[in-house]
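I have placed the structure first, in the form of structure tokens, so that the comments after it can refer back to it.
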Protein chains: 2
Amino acid sequence: MKPIRLPCYCGSLRQASRVVTQLYDQMLKPSGVKITQFSILKLLAACPDLTTGGMADALAMDSTTLTRTLKILQENRWIEAATGTDRRQRCWRITADGLQRLQHAEPLWEGAQKEFTRLADDVDLDSLTRSVFLLVQKVGG
Amino acid sequence: MKPIRLPCYCGSLRQASRVVTQLYDQMLKPSGVKITQFSILKLLAACPDLTTGGMADALAMDSTTLTRTLKILQENRWIEAATGTDRRQRCWRITADGLQRLQHAEPLWEGAQKEFTRLADDVDLDSLTRSVFLLVQKVGG
DNA sequence: CCACTATACATGCATATACATATATCACCA
DNA sequence: TGGTGATATATGTATATGCATGTATAGTGG
């Protein structure tokens, strides 16, 4: 049987999120990072010393979800935490190991982006990403 | 900080999936069903005797994921399984309890749909859902 | 009927998700 | 300065997700 088009906006987005995540995770597999972890590493490489809450806002993730994922990355020694002036905060940085891992994953991610655009060649991706980001801004928070 | 627009198609979809799921789950909360469970109950109410694999295809879910969720619904006595002529298959039906639960959730889901369209009033939702379903068809499988 | 392969579902493991709640720290004010 | 409410993060619990693998049954060629 084929996938059905659900009337539910949420269900439709979840369907798409699942199949697209599977594509990306499969293509990232040789690097040993999953797409969620890749997003975090990439963000930290660009913005060092982001806090847990800052990252949660940027990625539209619940901070309790992010806490668990950061713990995994920390155990892998891909990121490390420092305490800021506000001692409640944890300021995160990517480590040398994490950067190496990210650099290994980067071309695989680009391959996934390319494969995604190939598979979705009859979709207006500019319009789609604009709409999707609007949803994140308007529905989130 | 505000959410950032990610260059990653997958990350963007996951951001949207998260915030929209939170909206729907919050509005469904009085019914005691989550949006994933709601989708399954609604599908089974419309299509009795669907198998695990048939549902997985329809919902674009991995069948091993679906197995766990079906188990929860079965333990709640909202659905029940029968064995078909092919004794490997499990044919699922919604129970009277499940139907009642679904009917309780239905108006809450409609409220979530309405609230979603209100929040996303400057998004072309027809175009968005068309694109999103195309992704499910083209990227999935 | 008997291997052999394919299919349907389940299980082990790891990660992702978030609500309710707990804890530590900060900011402010009396 | 000490109390009080707010904020940043962590933890308990439950569900969601999917890959690798296992098990039972079906189908097929001899």
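Numbers restart at 1 for each chain; the letters A, B, ... are given by sequence-line order, proteins then strands. In this text, all values refer to a predicted model and were calculated from it rather than measured experimentally.
- For DNA chain D, the span of nucleotides reached by chain B at under 4.0 Å from its heavy atoms goes, 5' to 3', from D:dT15 to D:dA26.
- Nucleic acid contact class of B:Lys71 (heavy atoms, under 4.0 Å, all strands): none.
- A 6.0 Å sphere centred on CD of A:Glu110 holds more than 12 heavy atoms belonging to other residues, nucleotides or ligands.
- Of all the heavy atoms in B:Leu66 and B:Met61, the pair that sits closest is CD1-SD, 3.9 Å.
- With hydrogens and angles left out, the side-chain atoms of A:Arg101 and A:Ser31 include no donor and acceptor closer than 3.5 Å.
- Between B:Met61 atom CE and C:dT17 atom C1' the separation is 14 Å, expressed in whole Å.
- Of the candidate nucleotides C:dT15, C:dA20, C:dC9, C:dT15 has the atom lying nearest to any side-chain atom of A:Ile72.
- Criterion: ILVMFWY side-chain heavy atoms under 4.5 Å apart, direct or through other members. Under it, A:Phe133 and B:Leu6 are not part of a common hydrophobic cluster.
- Remark: A:Asp62 does not engage B:Arg18 in a salt bridge, criterion side-chain N to carboxylate O under 4.0 Å.
- Within 4.0 Å (heavy atoms only), B:Thr21 reaches no atom of the nucleic acid at all.
- Within the nucleic acid shown, B:Gln37 comes within 4.0 Å of sugar-phosphate atoms alone, with no base atom in reach, counting heavy atoms only.
- Donor-acceptor pairing under 3.5 Å, judged by distance alone, is absent between the side chain of B:Thr51 and the base of C:dC9.
- For the pair B:Lys42 and B:Trp109, the cation-pi criterion (under 6.0 Å, within 45° of the ring axis) is fulfilled.
- Base engagement by B:Thr65 is indicated by at least one non-hydrogen atom pair under 4.0 Å involving a base atom.
- Rounding to whole angstrom units, CG of residue B:Asp62 and C1' of C:dA8 are separated by 13 Å.
- Judged by distance alone, the side chain of B:Arg14 and the main-chain N or O of A:Thr36 form no donor-acceptor pair under 3.5 Å.
- Spacing between atom CG of A:Leu73 and atom P of C:dA14 amounts to 16 Å, rounded to whole angstrom units.
- Nucleic acid contact for A:Gln26: none, since no nucleic acid atom lies under 4.0 Å from a heavy atom of the residue.
- Taken residue by residue, residues 74-96 of chain A places heavy atoms nearer than 4.0 Å to DNA chain D at A:Arg88, A:Gln89, A:Arg90.
- Note: CG (B:Leu23) to C1' (C:dC19) measures 15 Å, nearest angstrom.
- Closest-nucleotide positions on DNA chain C for A:Lys34 and B:Ser63 were compared, and the one nearer the 5' end corresponds to B:Ser63.
- Remark: A:Asp49 engages A:Arg93 in a salt bridge, criterion side-chain N to carboxylate O under 4.0 Å.
- Regarding A:Arg18, its CZ atom lies at a distance of 13 Å from the P atom of C:dT17, rounded to whole Å.
- If you measure from atom CD1 of B:Ile35 to atom C1' of C:dC19, you get 17 Å, rounded to the nearest angstrom.
- Rounded to whole Å, the distance from CD on A:Gln22 to C1' on C:dT15 is 14 Å.
- Side chain of B:Gln113 to main chain of B:Tyr24: no donor-acceptor pair is present (N/O by atom type, distance under 3.5 Å, no hydrogens or angles).
- The residue A:Thr64 sits close to a base: some heavy atom pair falls under 4.0 Å.
- Of the candidates C:dA16, C:dC13, C:dA18, the closest approach to any side-chain atom of B:Arg68 belongs to C:dC13.
- Hydrophobic clustering keeps A:Val136 apart from A:Leu13 (ILVMFWY residues linked when any side-chain heavy atoms are closer than 4.5 Å, directly or through intermediates).
- Distance CG (A:Leu70) to C1' (C:dA18): 15 Å, rounded to an integer number of Å.
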